[in-house]
Amino acid sequence: MLDRLIKIFTSLRLTIVLLSLGMILVFWGTLAQVTLGLYKAQNDFFRSFFVFWSPEGSDWQIPIFPGGYLIGGLLLINLLAAHTRYYRPSKKKIGIVFIHFGVVLLLVGQLLTDFLSVESTLHLREGETKNYSEASRSFELAVVDVTDRDLEKQVAISHRRLSKQDEIKHPELPFTLKATTFFANSELKQREEPGFQPVKGVKGIGEGVWMRELPHETMMDRRDVPTAVVEISGPEGSPQSYLASAHIARPQSFQYGDRTYEISMRPVRYYKPFSMHLLEFTHDRYPGTQIPKNFSSRVILNRPETGEKREVLIYMNNPLRYWGETYYQSSFDTDDQGSYLQVVRNPSWLTPYFSCVLVSIGLTIQFLMHLVPFLKRRLAT
Amino acid sequence: MEPPWRCLSTGLAAAVALSSLVMLSGCGRDEIKVYKVAKESPDAMAAAHAAHGRGQMPPGHPDISAATPKIQYALPSGWEERPASAMRSASFSIPGKDGQAADVSVIPLPTTGQEVELVNMWRAQMQLPSVGESEAANLAQAATIGGETGRLFEMASEGPILDDKLHGRMLVAVLTRGATSWFFKMAGEDSQVTEQKPAFVEFLKSVSFEAPTPATPATTASSATAAATGGSDGKPAWTVPEGWQEIPGGQFLVAKFVVTGEGNARAEINVSMSSGDGGGLVPNVNRWRAQLGLSQVPGAEISSSVKKVQAGGNELSYVELSGTDLNTGRPALVLGAMVPRPGQTWFYKIAGDRQLVEAERAKFTTFAETVRY
C-alpha cells in the first residue's frame with residue numbers, strides 16, 4: 001500500500017496530470033472572472049483547495065474540481081518526493097538540481113506572496129501629507145482619543161473581530177465595546193423604505209437612519225460597505241450606542257470621563273514611520289487626444305527619525321521601493337489634482353527573480369553539458 | 001533505492017510547513033491595533049475633503065452620509081435630483097442639448113480661509129490661469145443664499161474643454177456659516193449654464209439650512225451653579241444636596257457630582273438616562289457589581305435583593321452593593337436607584353468610600369426621590 005502511494009506521489013504521470021489540471025483551472029478561472037469578478041474568481045479557483053458548485057436554490061457546496069492550493073501543493077509534494085527518490089549525487093545532474101530547486105522556490109514563493117503580501121492605497125491631494133496607506137476592501141472600527149492637542153491615540157478593531165459581536169476590552173480604552181448589530185455589507189437610507197430597518201437607540205448621526213444588510217459584493221469595482229451599531233459601556237453612566245458605518249465618512253465624537261473620543265468605520269490603515277507629501281501630480285496626454293501618455297507624482301518623503309527628507313518622482317513603470325514596500329503610480333483624481341499610489345508590501349517579492357535565475361542556470365548547464373560533448377564529437381570527426 | 005518513508009516524509013514535511021505558514025499568516029488578522037500618531041493638520045484635512053472625482057464609495061453604490069448637513073430648497077423646473085453622497089448635501093443634473101448635462105452640487109466643507117486656492121482650483125478646471133489673492137476677491141459678486149449674503153464666482157473657459165468641442169462655464173456660490181463653508185456649484189456647457197444662471201440664483205435664494213444633528217451634545221460644560229437648581233439643559237429639576245459638587249460627567253451622563261470626606265475619602269454620584277428600559281435591571285446591576293470586583297449573579301438573586309420605593313409618582317428600585325474599589329483597593333459601597341419613566345429609564349448611583357457613602361445615604365435617597373421630571 002505504502003509502496004503504491006509512494007509510486008503515485010513520485011510519478012511523472014502525476015506531474016503531467018497536475019499540470020494539465022492546472023492549465024484547465026487557469027483557463028476556467030480566467031473565463032469565470034467575467035461573471036464572478038476578479039476577486040471572487042481568484043478566491044474560488046486559485047485560493048482554494050476545491051472549486052465548488054452549488055445546485056440552484058440550495059446551500060450545498062459540492063466540490064467538482066481541484067483548486068489552486070490543492071494542485072500547487074500536490075505539485076510541490078510530487079516534485080520534492082520525486083527528487084528525493086530519484087536523485088543521485090552526480091555532476092551530470094547538477095543542472096537538474098538547479099531547475100528543480102528553482103521550480104520549488106517559485107511554488108513556495110507564490111504561496112508566501114499569497115499569504116504575506118499586503119496591498120493598500122495611498123491617496124494624496126496636491127499639498128496633502130499622509131503617513132499611512134489604506135486597504136481597498138477591508139475596514140476597521142477606529143476609536144480615537146483626540147483629547148490631546150498634538151497627539152491622538154487610535155485603537156483600531158478589525159471588522160472581522162467586530163463581526164463576532166462579543167465584548168471587546170482593551171487596556172487603552174476605559175470602556176467596553178460591543179457590536180450589537182453587524183452587517184458585513186450594508187445600505188443606509190435617510191428615510192423609511194421597504195426592507196430597511198430603523199437604527200434604534202443610537203446617539204449622534206445614526207438617529208433617523210434606516211439600514212439593511214446586503215449580500216457580499218463580488219465584482220471587482222465594488223466592495224462590501226460594513227455597518228455596525230456599537231455599544232459603549234463602562235463605569236461612567238449607562239451604555240450608549242453609535243452607528244458606525246463605512247457609508248459615513250466623518251467620525252462622530254463623544255465624551256467619556258474627561259476625554260474626547262471619535263468613533264468611525266474606516267478602511268484599514270497601515271501606518272508608516274515616514275510621511276509622503278504630494279507636491280505635484282502631472283498627467284500628460286497624447287496631443288489632441290484624451291489618451292494618457294504619462295502620469296507622475298512628485299512627492300517629498302520625510303522620515304524624521306533618520307533625518308531623511310528627499311524628493312521622489314513616481315511614475316508609470318518607475319515605482320518607489322522603500323521600507324520594504326513598493327509604491328506604484330496607479331490612478332488619479334478626475335480633476336488631475338490628486339494621485340493614487342498602490343502600496344505593495346511583499347516580503348517574498350524577490351523569490352520569482354531567484355527562481356528564474358536558478359532555472360536559467362540549470363537549463364544552461366544542462367544545455368552546455370549536451371552541447372559541449374556534441375561539439376567535441378563533431379570536431380573529432 | 002532510497003527508503004520509501006523518506007520520499008513521503010519529505011513531501012509531508014513540506015506540506016506541514018506550508019500549512020503552518022498558512023495558519024500563522026491567518027492569525028493576527030483578528031487583532032486590535034493601537035497607534036499613537038500626530039494629529040492631521042487642518043490644511044491636510046481640508047485637502048482631503050476637497051478630494052472629488054473618486055470618493056470613498058465604490059462606483060455605483062448608493063451611498064449616503066447622515067453626517068452631511070442638510071438643506072431645504074425649491075427645486076427649479078428642469079432640474080433632476082440626484083442622490084446625496086458622502087460629500088454632497090444635494091446633487092442635481094440639468095439635461096441639455098446633444099446629451100450634455102450641467103451638474104449642480106451642494107458641498108459643505110470645514111472653513112479653511114484659503115479661498116484663493118479654491119478659486120484657482122475652479123479656474124484650473126476651466127483651464128484659466130491662476131490669480132492672486134486680491135484679484136480672486138475682486139472676482140466675487142454678492143449673492144443671496146438662504147437670506148444671507150454670500151459670494152458668487154463665475155468662470156468660463158477661453159477655449160473648448162468639453163470633449164475638445166464645447167466651451168465650459170462654472171458658477172460657484174460660497175457662503176460661510178461658522179465653521180462650515182457651503183459651496184453651491186453649477187458646471188457644464190457654456191450656453192446651458194448661462195441659460196440656467198437665473199434658475200441657479202433663484203435656487204440659492206430658496207435655500208434654508210437645517211440645524212445639523214450635533215455630533216457631540218454639549219453636556220460637559222454645565223457649571224455647578226446651573227446644576228444647583230436643575231431643570232435646565234434638558235435636565236430634570238432637582239435640588240443638589242449640600243456638599244455635592246457638580247463636575248463634567250461626559251456625554252454618557254446627565255450629571256455627575258463628587259463628594260469628599262476625611263482622609264481623601266471620595267464618592268461620585270452619577271445620573272444617567274437611557275431610552276427604553278436601559279438594558280434592564282439585571283445587566284445594569286451586574287455591570288455595577290463588576291465595577292466593585294464582584295462576580296455576576298443570576299437575575300433572580302438580583303431581583304430578590306431590590307428594594308422598591310414609591311416617591312413622587314415614580315417607583316424607584318434601590319440596589320446596594322458592597323465590594324472593593326478596584327483603583328484604590330479600599331472598601332467601597334454602591335447605592336443605585338433605577339427609575340422607569342415613559343419610554344426611558346433614569347439611573348442614579350453613588351459609589352465610593354464605604355463610610356462616606358453610608359454618611360451620604362440619606363442625602364442620596366432624598367435627592368433621587370425628589371427629582372421632578
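A, B, ... follow the sequence lines: proteins, then strands. Residue 1 opens every chain.
Between A/Leu177 atom CG and B/Ile32 atom CD1 the span is 8.0 Å, to the nearest 0.5 Å. Between atom NZ of residue B/Lys36 and atom CD of residue A/Glu172 there is a gap of 5.0 Å, rounded to the nearest 0.5 Å.
Heavy atoms of A/Val146 lying under 4.5 Å from chain B belong to its backbone as well as its side chain. If you measure heavy-atom distances from B/Ala124 to chain A, the contacts under 4.5 Å come from the side chain alone. For A/Asp148, the part lying near chain B is the backbone, with the side chain staying farther off; criterion is any non-hydrogen pair under 4.5 Å. With a 4.5 Å cut-off on non-hydrogen atoms, A/Leu162 does not touch chain B at all.
In this structure, the side chains of A/Arg161 and B/Glu31 stay at 4.5 Å or more apart for every pair of heavy atoms. At a threshold of 4.5 Å between non-hydrogen side-chain atoms, the residues A/Gln154 and B/Val37 count as touching. Annotation: side chain of B/Val34 is not in contact with side chain of A/Pro171 (no heavy-atom distance under 4.5 Å).
The shortest non-hydrogen separation linking A/Arg269 to B/Tyr35 is O-OH, 3.1 Å. When all heavy atoms are compared, the tightest approach of A/Gly234 to B/Arg287 is O-NH1, 2.9 Å.
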